[in-house]
There are 2 protein chains.
Amino acid sequence: MKKAEATRLTILQKAFELIYVKGYQTTSIDDIIATTQVTKGAFYYHFKTKDEMGLAIISEILKPTLTNSFIQPLQNEQNPLDAIYNLMHSLLIENEFLKVEYGCPASNFTQEMTPWNADFNNALNQLTQQWTKAMTTTIEKGKKNGFIRKDVNAKQVTMFIMSGYWGIRNFGKLENSKKVYLTYLKELKNYLSSLK
Amino acid sequence: MKKAEATRLTILQKAFELIYVKGYQTTSIDDIIATTQVTKGAFYYHFKTKDEMGLAIISEILKPTLTNSFIQPLQNEQNPLDAIYNLMHSLLIENEFLKVEYGCPASNFTQEMTPWNADFNNALNQLTQQWTKAMTTTIEKGKKNGFIRKDVNAKQVTMFIMSGYWGIRNFGKLENSKKVYLTYLKELKNYLSSLK
DNA sequence: TCATAAAGATACCACTTAGTATTTTTGCAA
DNA sequence: TTGCAAAAATACTAAGTGGTATCTTTATGA
């Protein structure tokens with residue numbers, strides 16, 4: 001049962017790419033099987049419905065990426081303000097998996113599927129909560145270690161920062177230029193300094 | 001030529017509502033004519049294509065709303081920091097045209113149509129630039145009047161704030177609760193204070 | 001008031017959609 | 001090597017999709 005697993009993974013990966021670029025609703029199963037060179041029979045052998053595949057993309061593609069690229073970097077640095085800034089910099093500027101013209105996959109998904117599809121909503125909420133938790137923990141630790149003022153509300157700051165990230169991803173789509181990212185990062189640095 | 005204008009406006013308004021709730025691509029013309037009680041012949045008399053209608057929604061529904069609800073409030077107050085905070089508060093908490101579970105119409109549109117449709121991209125970009133300009137001007141004025149530090153970069157701050165707004169709209173969709181708005185507003189207040 | 005164009009109604013088209021039923025091929029355990 | 005289930009291929013369906021062609025009704029300016 002090796003080749004079958006490979007087929008399944010190919011579908012998920014190629015489908016993710018298409019969806020990231022075109023959106024979920026406008027990516028048809030025919031599109032997916034055309035680019036994967038997998039037949040409809042094979043597709044429906046691996047996934048009962050299109051939505052089942054969509055949810056699998058979230059849990060098997062997006063979730064690991066979140067852990068590796070969004071959460072771990074927060075835990076490997078001592079100064080949480082640097083950690084957050086560097087994370088954002090790496091996500092926006094260096095990461096070559098994420099493209100400025102296509103925005104943030106999770107944010108795109110949320111925009112498109114919420115509040116209509118409860119399953120997607122739930123899966124995406126879990127993702128977001130994981131990131132929120134990681135960032136909040138980082139900030140709390142920073143308060144203890146004296147990197148951040150004691151009166152800073154960690155949850156509040158986390159939400160503020162994450163909103164900024166999602167928003168600037170949208171801005172990037174609109175302007176199709178990383179320039180906006182640089183502008184955002186400069187002000188993010190100022191904001192983070194104000195938490196010292 | 002009164003009744004015809006009314007028909008056209010009904011189509012735009014009802015279509016906007018459907019699109020705001022369901023998204024552009026998933027709102028079919030059949031949906032629109034069903035809820036407006038307008039026949040297909042009438043629809044296509046007023047709009048050559050679905051996209052022409054979509055663009056008309058941006059210029060005839062979204063644009064006036066932007067001017068009235070997003071830009072004017074910035075110009076009617078002397079303290080720009082208060083103006084910005086109050087604007088956000090009114091948009092997020094008081095405005096009953098915008099619903100937490102459906103996010104921000106302009107942001108939804110951007111997410112869905114960009115970068116695929118150049119016309120939509122362009123129209124939405126103009127909207128955004130208008131808001132950006134208004135906010136930047138407000139901040140610059142505040143610098144002159146001593147409400148804001150001279151070393152603050154107006155464009156940068158504008159982008160940071162607008163990103164936050166878009167992002168928290170996405171958060172609201174995800175959690176379907178205005179609680180996140182309140183959290184965001186608290187930190188926005190802190191951030192704005194840091195510009196004094 | 002009535003001719004004429006604007007506005008709206010109806011039926012249809014070619015194409016795409018997610019999904020299914022049925023058959024065929026493949027890989028592997030015995 | 002073969003039996004058999006797992007995996008994949010093929011052909012199809014019913015319900016939509018945006019859009020068009022053609023007809024009928026309505027309003028209004030002379």
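In the text below, chain A, chain B and the rest are named by the order of the sequence lines, each starting its count at 1. Heavy atoms only: backbone and side chains are in, while hydrogens, waters and symmetry mates are out.
- Residues A:Y44 and A:T49 come closest through the heavy atom pair CE2-CA, 4.3 Å.
- OP1 or OP2 of C:dG8 has not a single side-chain nitrogen or oxygen of B:Y45 nearer than 4.0 Å.
- Which of D:dA11, D:dT20, C:dT17 sits closest to the side chain of A:D30 comes down to C:dT17.
- C:dA18 atom P lies 8 Å from atom CD1 of A:I32, rounded to whole Å.
- A donor N or O paired with an acceptor N or O is not found under 3.5 Å between the base of C:dG8 and the side-chain atoms of B:K40.
- Atom OH of A:Y44 and atom P of D:dC12 are 18 Å apart (whole Å).
- Taking every side-chain heavy atom of B:T39 into account, C:dA9 is the closest of D:dG19, D:dA8, C:dA9.
- B:L182 is listed as a side-chain neighbour of B:I93, based on a closest heavy-atom distance under 4.5 Å.
- With rounding to whole Å, A:F43 atom CZ is found 20 Å from D:dA6 atom P.
- B:N176 has its side chain out of reach of A:P115: every pair of non-hydrogen atoms, C-beta onward, lies at least 4.5 Å apart.
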For a ring-ring contact (aromatic ring centres under 6.0 Å, His included) check, start with the C-alpha distance between A:Y184 and A:F171, then their side-chain angles and the critical distance, and finish with the verdict.
CA-CA 10 Å; A:Y184 166 80; A:F171 240 116; 9.7 Å; no
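- Side-chain proximity of B:T49 to C:dG8, C:dA18, D:dG19: nearest is D:dG19.
- Distances shown here put a side-chain N or O of B:T7 below 4.0 Å from the OP1 or OP2 atom of C:dG8.
- Within the structure, every side-chain polar atom (N or O) of A:H46 is placed at least 4.0 Å from both OP1 and OP2 of D:dA6.
- Distance CD (A:E5) to P (C:dG27): 15 Å, rounded to an integer number of Å.
- Contact annotation for A:T26: no contact, since no heavy-atom pair falls under 4.0 Å across all strands.
- A 4.5 Å side-chain heavy-atom check between A:I84 and A:I139 finds at least one atom pair inside the cut-off.
- Computed from coordinates, the A:Q25 CD to D:dG18 C1' distance equals 17 Å when rounded to whole Å.
- A straight line from CD1 of B:I33 to C1' of C:dA7 spans 15 Å, rounded to a whole angstrom.
- Comparing D:dG19, C:dG27, D:dA27 by their nearest atom to the side chain of A:K3 picks out C:dG27.
- Closest to the A:K50 side chain, of the nucleotides D:dT17, D:dA8, C:dG19, is C:dG19.
- The interatomic distance linking B:Q37 (CD) with C:dA7 (C1') rounds to 17 Å, in whole Å.
- When distances are taken from the side chain of A:S28 to each of C:dA18, D:dT10, D:dT20, the shortest belongs to C:dA18.
- The nearest whole Å value for the distance from the CD1 atom in A:I29 to the C1' atom in D:dA15 is 15 Å.
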